[in-house]
Visitor: 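Take a look at this one; I'll ask things after.
What you are looking at is a predicted structure, and each value in this text was computed from that prediction instead of being measured.
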Amino acid sequence: MDKIVQIITDGAPGMIVYGRPRLGKTKATTFAVNYLPEVLEYKLPVFVADSKSYKVPSAEKFFRDMLTDFNFGFPTKKDEIVLRNQIVSIMHEKAEQCAHRRVALIMDEAHKMTEWQYDCLIDIYNQLLRRNVRLTTISIGQEQLVERRTFFLANSKTHIIGRFMPSEYRFRGVTNQEEMEFVLQSYDESEFPANSGWYYTRYYFPEAYEAGKRVTDFSKTLFNLFLEIRQEYGLSSKMVELPMEYLAFTVENVLKINGSNGKRTEWLSTDQWREAIQRSGYIESEIYMAIAKKAT
């Protein structure tokens, strides 16, 4: 959040956010950008697009896909110039509603982007600049995104790096017990519906909740369980980071299977947490990652 606030307030043209798959990079970045009005005290228009691979690359396909991701309708037949101008016009219109004439573009799966796609974005960037609109692009992707920047550096593509990759942020998953506790605390303190007094833990285990029991109490147990299960399946005992997706699936599984909508158990056990981890898909993902690393 601090990094994104910094590049927006400084007027920086962009940054890259990278990390291994399933960490929650996209959701976290989108949340952070959408939360910016609370910090900056003005509403920043945000556009989100997915980076795609093309067998036959063309600017027309790239711009058309961007407009589709923006939920903007357009006639079937339009050339790349018209499509690009539509993107610029949409961003310009939104920027005029912002006191600082700024817009943010999030490019997801940006490790797929090649030089010609960045050149397409440069055209948009330059047109907006001529209209006195500042565009900040946040590129989100896997570790290959850093390799892409290294390639651009080696080939003197400074025009791309300067606009879209001047700074970086390494996104990580849960790395220790304290971070695990912070995440689990959300289930104990998040209300749904808002201001209803009903927290996730209270809903699934009302009697245990009233007795003072909390999901947060399992922070150490759960973190160590992930380590133990890794060893059982022959994976490295050292867990550098736990992807948020599999942690979320684990908590959802343990609540739904054993709580008020499931088995209606009084409270949670270590074995139930273990089962929830195994059902999350975490082990299969880690095995695949280990095989992929050996292959490279």
Side-chain angles (χ1 to χ4, degrees), residues 17-31 50 108-112 140-147 169-188 190 200-201 203-205 208 213-296:
V17 178
Y18 68 95
R20 58 163 290 181
R22 314 264 61 90
L23 291 181
K25 300 181 294 295
T26 301
K27 285 189 177 181
T29 305
T30 304
F31 172 85
D50 291 326
D108 199 8
E109 301 291 329
H111 54 275
K112 296 180 181 178
I140 307 173
Q142 298 177 23
E143 284 94 339
Q144 297 96 310
L145 188 55
V146 180
E147 297 173 6
Y169 182 84
R170 171 68 183 271
F171 195 95
R172 294 188 180 276
V174 173
T175 60
N176 54 53
Q177 180 187 330
E178 289 73 24
E179 292 175 355
M180 177 72 76
E181 182 177 353
F182 182 82
V183 173
L184 295 185
Q185 186 178 3
S186 300
Y187 294 91
D188 294 328
S190 297
Y200 287 93
T201 308
Y203 174 81
Y204 286 101
F205 297 94
K213 296 180 179 180
R214 300 291 185 268
V215 173
T216 311
D217 299 337
F218 291 98
S219 300
K220 182 178 181 180
T221 299
L222 185 56
F223 190 79
N224 288 335
L225 268 177
F226 274 100
L227 293 177
E228 291 174 13
I229 291 175
R230 289 180 61 85
Q231 287 182 304
E232 291 171 9
Y233 283 85
L235 296 164
S236 171
S237 60
K238 183 180 179 182
M239 179 173 61
V240 178
E241 52 191 333
L242 173 60
M244 185 60 68
E245 179 173 285
Y246 300 113
L247 176 55
F249 284 161
T250 296
V251 179
E252 289 176 17
N253 285 336
V254 82
L255 295 179
K256 292 177 180 178
I257 293 171
N258 303 289
S260 56
N261 291 347
K263 296 178 180 179
R264 297 177 177 272
T265 58
E266 182 179 341
W267 189 226
L268 296 168
S269 68
T270 300
D271 287 340
Q272 289 167 337
W273 279 108
R274 177 182 291 273
E275 178 191 6
I277 293 173
Q278 292 172 334
R279 294 176 66 133
S280 72
Y282 171 71
I283 294 302
E284 293 85 349
S285 172
E286 291 298 288
I287 291 174
Y288 172 79
M289 291 285 291
I291 294 173
K293 285 183 179 179
K294 287 183 179 179
T296 57

Visitor: List in chain and number order the residues that pass side chain to side chain contact (heavy atoms under 4.5 Å, CB included) with E275, two or more places apart in sequence or in another chain; answer none if no residue qualifies.
Guide: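 E275 satisfies side chain to side chain contact (heavy atoms under 4.5 Å, CB included) with K263, R279 once adjacent residues are dropped.
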Visitor: Applying side chain to side chain contact (heavy atoms under 4.5 Å, CB included), can you list everything that pairs with S285, at least two apart in sequence or on another chain?
Guide: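 For S285, the residues satisfying side chain to side chain contact (heavy atoms under 4.5 Å, CB included) (neighbours in sequence not counted) are R20, Y246, M289.
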Visitor: Could you tell me which residues satisfy side chain to side chain contact (heavy atoms under 4.5 Å, CB included) with N261, sequence neighbours excluded, listed by chain and number?
Guide: Y203, Y204
Visitor: Mind checking what makes salt bridge (Lys or Arg N to Asp or Glu O under 4.0 Å) contact with R172, not counting sequence neighbours?
Guide: none
Visitor: For the backbone of Q144 and the side chain of H111, can you confirm whether one donor and one acceptor N or O come within less than 3.5 Å of each other?
Guide: no
Visitor: Working to the nearest 0.5 angstrom, can you tell me the gap between D108 CG and K25 NZ?
Guide: 8.0 Å
Visitor: Please list, chain by chain and in numerical order, all residues satisfying ring-ring contact (aromatic ring centres under 6.0 Å, His included) with F182, sequence neighbours excluded.
Guide: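 None.
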Visitor: With sequence neighbours excluded, tell me which residues meet side chain to side chain contact (heavy atoms under 4.5 Å, CB included) with M180.
Guide: V174, L184, S219, L222, F223, F226, L242, L247
Visitor: At what distance, to the nearest 0.5 angstrom, does CZ of F205 lie from CG of N258?
Guide: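 Reported value, rounded in 0.5 Å steps: 5.5 Å.
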Visitor: According to the salt bridge (Lys or Arg N to Asp or Glu O under 4.0 Å) rule, which pairs have a member within residues 239-249, sequence neighbours left out?
Guide: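 Passing the test, one end in residues 239-249: R22-E245, R170-E241.
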Visitor: According to salt bridge (Lys or Arg N to Asp or Glu O under 4.0 Å), who are the partners of E178, at least two apart in sequence or on a separate chain?
Guide: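 Listed in chain order: nothing, the list is empty.
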Visitor: First locate atom CD of Q272, then atom CG of N253, and finally report the distance between them rounded to the nearest 0.5 Å.
Guide: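 The CG atom of N253 is 12.0 Å from CD of Q272, to the nearest 0.5 Å.
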Visitor: Should the pair W267 and F218 be assigned to parallel (<30°), tilted (30 to 60°) or perpendicular (>60°) ring geometry?
Guide: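 Rings of W267 and F218: tilted, 30 to 60°.
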Visitor: Does F171 CZ have over 12 foreign heavy atoms under 6.0 Å away?
Guide: yes
Visitor: Of all heavy-atom pairs between Q278 and Y233, which one has the smallest distance, and what is that distance?
Guide: NE2-OH, 4.0 Å
Visitor: Can you list everything that forms a side chain to side chain donor-acceptor pair (under 3.5 Å) with E228? Sequence neighbours excluded, please.
Guide: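 Once residues adjacent in sequence are excluded, the partners of E228 under the side chain to side chain donor-acceptor pair (under 3.5 Å) criterion are R274.
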Visitor: List in chain and number order the residues that pass side chain to side chain donor-acceptor pair (under 3.5 Å) with S280, two or more places apart in sequence or in another chain; answer none if no residue qualifies.
Guide: none
Visitor: Once you round to the nearest 0.5 Å, how far does CD1 of I287 lie from CZ of R230?
Guide: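 Result: 10.0 Å between the selected atoms.
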Visitor: Go through the structure and list residues passing side chain to side chain donor-acceptor pair (under 3.5 Å) with T201, not counting sequence neighbours.
Guide: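 T201 satisfies side chain to side chain donor-acceptor pair (under 3.5 Å) with D188 only.
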Visitor: Evaluate the side-chain proximity of V254 to F249: yes if any heavy-atom separation is below 4.5 Å, no if none is.
Guide: no
Visitor: Once you round to the nearest 0.5 Å, how far does CD of E179 lie from CE of M244?
Guide: 8.5 Å
Visitor: In chain order, what residues pass the side chain to side chain donor-acceptor pair (under 3.5 Å) check against S190, with sequence neighbours excluded?
Guide: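 S190 satisfies side chain to side chain donor-acceptor pair (under 3.5 Å) with no other residue.
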Visitor: If you round to the nearest 0.5 Å, how far is CG of L235 from CD1 of I229?
Guide: 10.5 Å
